[in-house]
Amino acid sequence: MANIKVWDLEFEPFMTHNQIEERVKVLGEAINKDYYDKAPVFIGVLNGCFMFMADLMKEIQIPCEMTFVKLASYSGTAQGEVSQLLGVGIDLTGRHVIIVEDIVDTGNSLTHTMAALSSHHVASVAVCSLLLKPSCLAHDFDNLKYVGFEIAPEFVVGYGLDYNGQGRNLRHIYKVCPNP
Ligand code: IMP
Ligand code: MG
């Protein structure tokens with residue numbers, strides 16, 4: 001597989017679509033087992049999750065629902081930043097929720113997603129992220145239950161992940177080449 005260029009940066013092959021598929025299968029099997037009687041609601045956080053979500057859902061064989069959201073954050077009056085999930089479209093009261101993310105880096109955006117979910121009175125929340133950069137994590141999560149791959153703190157694109165808007169369409173995942 002060849003290197004690719006996205007904008008000004010060169011990227012080298014990191015994970016093939018096949019490797020990703022194999023791992024997504026395992027994640028799906030684990031969720032099928034853990035949630036067989038829970039009719040979970042999968043919530044994909046756009047945009048990055050779209051390809052992972054599509055492949056993951058094909059592995060889910062239990063009753064379930066799914067939706068996609070966008071995370072909106074704005075400056076609140078007294079409490080500082082306020083986060084809101086746009087487009088939920090399902091009453092989440094008493095539901096078992098699985099948040100689907102492309103990547104958790106510092107965990108800042110996941111923290112906002114969790115805060116926004118807290119007003120929805122769900123029964124439980126677990127997180128399923130394709131990628132995790134453990135050394136970048138700045139928050140503790142006790143519900144980061146399903147992780148595809150733990151990676152070093154390198155910048156990656158493809159399979160939904162972008163660099164400045166481009167690269168989401170790539171079927172493999174690439175990592176940025178070191179500066180020449
Ligand atoms: P956070 O630092 O965990 O809040 O990650 C925030 C967002 O940064 C993620 O949802 C991604 O959209 C983006 N991001 C983090 N690391 C990468 C990467 O290596 N490639 C592409 N996007 C990334
Ligand atoms: Mg994301």
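All heavy atoms count here, side chains included; hydrogens, waters and symmetry mates do not.
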Aromatic plane relationship, Phe155 with Phe11 - under 30° parallel, 30 to 60° tilted, over 60° perpendicular: tilted
Plane angle bin for Phe141 and His139 - parallel if under 30°, tilted between 30 and 60°, otherwise perpendicular: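 It falls in the tilted class, 30° to 60°.
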Glu65 and Arg95: CA distance, side-chain angles, deciding distance, side chain to side chain contact (heavy atoms under 4.5 Å, CB included) verdict: CA-CA 10 Å; Glu65 289 158 59; Arg95 302 300 302 270; 2.9 Å; yes
Side-chain donor-acceptor contact under 3.5 Å, Asp91 with Thr93: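 Yes, because at least one side-chain N or O of Asp91 sits under 3.5 Å from a partner of the opposite role on Thr93.
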Cluster check Val6, Met1: I/L/V/M/F/W/Y, side chain < 4.5 angstrom: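 Yes, one cluster joins them.
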Closest non-hydrogen atom pair between Asn164 and Asp162, with its separation: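 Residues Asn164 and Asp162, closest heavy atoms: N-OD2, 3.5 Å.
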Given Val100, Ile98, Leu92, the one that forms side-chain contact (heavy atoms from CB on, under 4.5 Å) with Ile43: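 Going through Val100, Ile98, Leu92 one by one, the side-chain contact (heavy atoms from CB on, under 4.5 Å) with Ile43 is satisfied by Leu92 alone.
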Partner of Cys128 under side-chain contact (heavy atoms from CB on, under 4.5 Å), chosen from Ile99, Ile31, Val147: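 Single side-chain contact (heavy atoms from CB on, under 4.5 Å) partner of Cys128 among Ile99, Ile31, Val147: Ile31.
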Under 3.5 Å: donor-acceptor pair, side chain of His17, backbone of His172: no
Sequence neighbours excluded, every pair satisfying side-chain hydrogen bond (donor to acceptor under 3.5 Å, both in side chains) that has a member inside residues 27-36: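 Every side-chain hydrogen bond (donor to acceptor under 3.5 Å, both in side chains) pair that includes a residue of residues 27-36, provided the two are not neighbours, is Asp34-Tyr146.
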With sequence neighbours excluded, residues passing salt bridge (Lys or Arg N to Asp or Glu O under 4.0 Å) with Lys38: none
Side chain to side chain contact (heavy atoms under 4.5 Å, CB included) between Phe52 and Leu27, worked out: CA-CA 11 Å; Phe52 175 43; Leu27 294 177; 3.9 Å; yes
Approximate separation, where rounding is to 0.5 Å, of [X] [atom1] and [Y] [atom2]:
{"X": "Leu110", "Y": "Leu144", "atom1": "CG", "atom2": "CG", "answer": "6.5 Å"}
{"X": "Ile60", "Y": "Asp55", "atom1": "CD1", "atom2": "CG", "answer": "11.5 Å"}
{"X": "Ile173", "Y": "Phe14", "atom1": "CD1", "atom2": "CZ", "answer": "8.0 Å"}

